[in-house]
Amino acid sequence: MQATPPTVPGEPALPSGPAAAGAKEGRRGTGRRRLVLVAAVVGLVALLGAGAGGYAIARDSKLGEQTASCGNSRCFPGITPAMVVEALTRKGFACEEERRGDWTCRLTIAGAEFRAYVESYEGLISDFSGSVHPGYEDEVPAMTRSFLGWLGSIPVAHDPVLAGEVRGWLDQHFEGGAEARATIGHYRYELNAEEKANIDLRVWVEE
Amino acid sequence: MPHQPPTNADAQSAGTPPTAAPPPGGPGRSPAPGKALLVLAVVAPLVLCGLVGVLSGGIVATSTTDPVGPSALPSTDADFPSVDRRYLPGVKVATVVEDWLKKTNSYTCTPPERPSRTLSEAPQRQGCTAPGNLRWKLSVDVEFDDETHVRHVRGDCVFKPGAKVCASLFATMADAVLSGNPELRKQAYEWAEKNAEADNVTTIGGVRFTIKLEPRSITAEPAL
């Protein structure tokens with residue numbers, strides 16, 4: 001025998017049967033919607049926050065690098081062959097593009113040829129050199145020092161300490177009458193001053 | 001049949017502890033699945049979206065950022081080689097060729113018969129020789145671009161060492177080259193006269209003088 005709750009006259013009956021199940025479903029649906037909303041908000045905040053964080057960390061690490069990628073090689077960041085060619089042309093050097101991206105600039109003064117050569121990939125310089133042939137046999141003149149000092153400090157022009165280090169190293173070895181090598185910043189320097197009349201400087205990116 | 005409340009025996013037979021208190025939150029409803037879902041709704045998107053965010057942020061930064069390099073080239077100083085340093089400072093063709101050689105010393109000056117490559121790569125040249133029988137012994141070569149741009153002056157003297165004429169040629173040439181500088185021309189004159197019998201070099205007023213015994217000559221070029 002089924003027991004039925006007593007009904008008080010004048011009061012509505014308690015929900016039961018299909019109507020009660022519908023209300024339960026309604027509550028469950030609202031709960032789900034809330035969960036989805038919470039998940040979406042958390043997801044969005046996490047995406048933006050982590051995205052900004054990841055961007056900042058990767059950017060910092062990239063800015064801290066001393067070399068830039070150029071094709072399969074490493075190059076000096078920020079310096080293009082056009083910048084060097086333009087600066088030397090303004091001084092009266094004759095510049096010509098020997099191969100795509102590789103330039104040679106020359107100026108002869110009193111029989112001495114001042115020559116600069118830059119090699120580039122994808123618009124950035126990977127390797128460059130400067131030479132003075134023939135200079136004086138008894139001394140390295142001011143013009144040679146100025147030219148090679150300027151060339152050598154190009155990759156570190158934004159860093160006065162490193163630029164001073166390059167010029168100091170060059171001055172020290174001009175008179176040494178020998179071949180000298182050094183790593184300054186992340187760059188390799190090689191100076192051949194075995195003969196004062198024929199001086200060569202080469203600078204390239206350390207791999 | 002009257003309704004009978006269930007006995008303990010009935011409850012035990014149904015597997016329910018007789019004194020089990022209703023869980024908090026209302027009878028017949030467990031909160032555990034709701035909480036678990038909430039934790040999942042927070043943790044799962046946090047981890048997944050966080051990873052996606054870090055990776056995509058990193059990739060964007062790596063592909064769009066370049067390492068810091070110089071934005072401009074270093075500045076050049078006054079000694080830097082430049083096209084205007086190819087010329088003897090202040091020297092004019094008129095001073096050397098017209099005044100010193102032609103008027104004062106009666107030299108004969110002519111451009112080369114056939115265009116020939118000059119030592120200094122200058123486009124013009126005047127070859128000057130001494131008058132009379134000295135024409136084969138004393139000569140001066142002047143290489144220049146135009147009237148006010150002289151690159152190279154060279155005096156040759158084929159007399160043997162000891163001949164005063166060579167010392168005179170060398171000293172007066174050094175004086176002519178520095179005639180625009182009253183303070184230094186005397187110094188240049190004296191140096192060339194004193195060193196006329198030796199291989200020697202000096203730099204005076206931006207001009208490099210080189211005296212050689214073989215062949216016997218003096219050269220004036222811009223100093224490097």
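By convention in this document, chain letters (A, B, ...) are assigned in the order of the sequence lines, proteins followed by strands, and residues within each chain are numbered from 1.
- Counting heavy atoms from C-beta outward, A:V156 and B:P70 have side chains that stay 4.5 Å or more apart.
- Taking every heavy atom of both residues into account, B:V52 and A:L47 meet most closely at CG1-CD1, 3.8 Å.
- Taking each heavy atom of B:P74 and A:A157 in turn, the nearest pair found is CD-CB, 3.7 Å.
- Taking 4.5 Å as the heavy-atom cut-off, the residues of residues 195-224 of chain B that approach chain A are B:V201, B:R208, B:E221, B:P222, B:A223, B:L224, ordered by number.
- The CG atom of B:D77 lies 11.5 Å from the CH2 atom of A:W150; values are rounded to the nearest 0.5 Å.
- When the salt bridge (Lys or Arg N to Asp or Glu O under 4.0 Å) test is applied to B:D141, the partners found at least two apart in sequence or on another chain are B:R125.
- Here OG of B:S82 is found 12.0 Å from CZ of A:F147. Values are rounded to the nearest 0.5 Å.
- For chain B, the nearby parts of A:A142 are the backbone and the side chain; heavy atoms of each come within less than 4.5 Å.
- Contacts between A:E139 and chain B at a heavy-atom distance below 4.5 Å involve the side chain alone, from C-beta outward.
- The closest side-chain heavy-atom distance from B:F80 to A:M143 is not below 4.5 Å.
- The candidate from A:V38, A:L107, A:L88 with the greatest count of non-hydrogen atom pairs under 4.5 Å with chain B is A:L107.
- Of all heavy-atom pairs between B:R85 and A:I109, the closest is O-CG2, 3.3 Å.
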